[in-house]
Amino acid sequence: MVDYKSLGLVNTREMFKRAINGGYAIPAFNFNNMEQLQAIIKASSDLKSPVILQVSKGARNYANATLLRYMAQGAVEYAKELGCKHPEVVLHLDHGDSFETCKSCIDYGFSSVMIDASHLPFEENIALTKKVVEYAHQFDVTVEAELGVLAGVEDEVSAAESHYTKPEEVIEFSQRSGCDSLAISIGTSHGAYKFTPEQCTRDPKTGKLVPPPLAFDVLDAVMEKLPGFPIVLHGSSSVPQEYVDEINSLGGKLPDAIGIPEEQLRKASKSAVCKINIDSDSRLAFTAAVRRVLYSKPGEFDPRKFCGPARDEMEKMYKHKIIDVLGSDNKLAQLD
Ligand code: G3H
Ligand code: 13P
Ligand code: ZN
């Protein structure tokens, strides 16, 4: 059993309280490799932002669970080396699919876990979430649950269609499960294809697709039922069109990729939404930068020469999210 506090990690409890009161959201960035982790820590440390490092089941399979955990531990030390004397870094399991996966992460030193039982019937979702909460809270590990189903398809996360969270269920769910935060469905979805062209309208001036707005009425109703309770948004990449266009112009094929407009995430950040999950935008930044280098220098075969620029591009993107979208810069409890 590894105590996450001995690794220098923190859980989400205090940072969520401060985020709700302060009208901003904590970035939850997924990582699978060293360059992503370097970029996340550089961006959050330079900007004095708390940060949630997310590890999915797919990431654990890709990179090895033990290695990822030691990388997160190293990330805390790296943040200090970058001049951030009191970093606030959470190591979080993203979309935990079973009690066993959550327990394994808690035993490995994670400070926060998500149990995603949103595809199960209501009672089963409560029962499984409660089982995880009872185990996690013994070690002061915080638990995120999900109610409602997001559309979209990713390697380990799929749901054929979106079912918005039903506000009338959230009080009973949070009280009976004991969860610390709740991911809700208000129209965001995973991946780089969040809406079909048929669901969008077209801007007559630019010809670009304009996605339908998020269901802020559902968010408002949830906040009315659960005042001050931490709300999480998954599937919150914006799919920057500059990256999509660059990738497509350099031999890629991402037709009609589209995300959530950043103004809507900015608006959500000012509410009880205190954790915003971003993964796909990092994949796009990485891919655009790699294509840029390899296209202009076909003879390049030193991975540092294209992974380095990819890391720089991700850092730039993470900084933009922290400052302009989530507003979590300069929000560490101790800034010195
Ligand atoms: O929500 C899912 C995350 O983007 C993780 O995706 O399962 O492909 O690692 P992944
Ligand atoms: P995106 O695919 O929109 O980046 O969402 C990531 C996510 O929700 C991770 O849990
Ligand atoms: Zn997610």
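Values reported hereafter were calculated over all heavy atoms of this structure, with side chains retained and with hydrogens, waters and symmetry mates removed. Along the sequence shown, residues are numbered consecutively beginning with 1. Just follow the structure's listing: the first ligand is 1, and inside any ligand the first atom is 1.
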Ligand 1 N/O within reach of [X] N/O, cut-off under 3.5 Å:
X      : value
His234 : no
Asn30  : no
Asn32  : no

Would Ser282 and Tyr318 satisfy side chain to side chain donor-acceptor pair (under 3.5 Å), going step by step from the backbone distance to the final call?
CA-CA 8 Å; Ser282 158; Tyr318 292 134; 3.0 Å; yes
May I ask you to check whether [X] has an N/O atom sitting below 3.5 Å from an N/O atom of ligand 2?
X      : answer
Asp281 : no
Ile278 : no
Asn30  : no

Met114 near ligand 2, heavy-atom distance under 4.0 Å?
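Not so, Met114 does not reach ligand 2.
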Using heavy atoms and a 4.0 Å limit, tell me yes or no: is Arg283 in contact with ligand 2?
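No heavy atom of Arg283 comes that close to ligand 2.
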Using a strict threshold of under 4.0 Å (side-chain N to carboxylate O), is an ion pair present between [Y] and [X]?
X      : Y      : answer
Lys103 : Glu100 : no
Asp140 : Arg13  : yes
Asp281 : Lys321 : yes

Only one of Asp116, Asp94, Asp97 clears salt bridge (charged side-chain N to carboxylate O under 4.0 Å, His left out) with Lys57; which?
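With Lys57 as partner, salt bridge (charged side-chain N to carboxylate O under 4.0 Å, His left out) holds for just one option, Asp97.
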Give the atoms of ligand 2, by number and element, whose distance to some non-hydrogen atom of [X] is under 4.0 Å.
X      : answer
His95  : 10 (O)
Gly191 : 2 (O)
Gly235 : 1 (P), 3 (O), 5 (O), 7 (C), 8 (O)
His234 : 8 (O), 10 (O)
Lys194 : 1 (P), 2 (O), 3 (O)
Gln54  : 9 (C), 10 (O)

Could you establish whether Arg283 and ligand 1 come within less than 4.0 Å of each other, counting only heavy atoms on the residue side?
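Checking ligand 1 against Arg283, which is what was asked, there is a heavy-atom contact under 4.0 Å.
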Polar side-chain atom of [X] near backbone of [Y] as donor-acceptor pair, under 3.5 Å:
X      : Y      : value
Thr142 : Asp180 : no
Asp329 : Ser49  : no
Asp336 : Lys85  : no
Ser56  : Gly58  : yes

Under the criterion ring-ring contact (aromatic ring centres under 6.0 Å, His included), I'd like the reasoning laid out for His95 against His190: C-alpha separation, chi angles, the key distance, then a yes or no.
CA-CA 12 Å; His95 293 285; His190 294 102; 4.8 Å; yes
Name whichever N, O or S atom of His234 ends up nearest to the Zn ion (ligand 3).
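Result for His234 and the Zn ion (ligand 3): ND1.
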Atom indices of ligand 1 within 4.0 angstrom of [X] heavy atoms, with elements:
X      : result
Asp94  : 1 (O), 2 (C), 3 (C)
Asp279 : 3 (C), 4 (O), 5 (C), 6 (O)
His190 : 1 (O), 2 (C)

Please output the side-chain donor-acceptor pairs of residues 204-228 that fall under 3.5 Å, not counting sequence neighbours, one pair per line with the distance.
| unit_1 | atom_1 | unit_2 | atom_2 | d |
| --- | --- | --- | --- | --- |
| Thr206 | OG1 | Lys208 | N | 3.2 |
| Lys208 | NZ | Asp245 | OD2 | 3.4 |

Ring center gap for Tyr4 and Phe110 short of 6.0 angstrom
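Centroid distance Tyr4-Phe110: not below 6.0 Å, so no.
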Metal-centred angle, the Zn ion (ligand 3) as apex - NE2 of His190, NE2 of His95, 10° resolution
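Taking the Zn ion (ligand 3) as the apex, I get 100° for this pair.
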So how far is it from Lys194 NZ to Thr188 OG1, rounded to the nearest 0.5 Å?
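Between Lys194 NZ and Thr188 OG1, I get 7.0 Å after rounding to 0.5 Å.
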Indicate, as side chain, backbone, both or neither, the part of His95 found under 4.0 angstrom from ligand 1 when only non-hydrogen atoms are considered.
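For His95, only side-chain atoms sit under 4.0 Å from ligand 1.
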Taking ILVMFWY side chains as joined if any heavy atoms are under 4.5 angstrom apart, and letting links pass through other members, which residues group with Ile26?
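Its cluster mates, by chain and number, are Val10, Met15, Phe16, Tyr24, Ile52, Val90.
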Heavy-atom contacts under 4.0 Å between Ile260 and ligand 2: side chain, backbone, both, or neither?
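It is neither; nothing of Ile260 touches ligand 2.
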Which option wins on minimum heavy-atom distance to atom 2 (O) of ligand 2: Ser280, Ser236, Ser56?
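It is Ser280 whose heavy atom sits nearest to atom 2 (O) of ligand 2.
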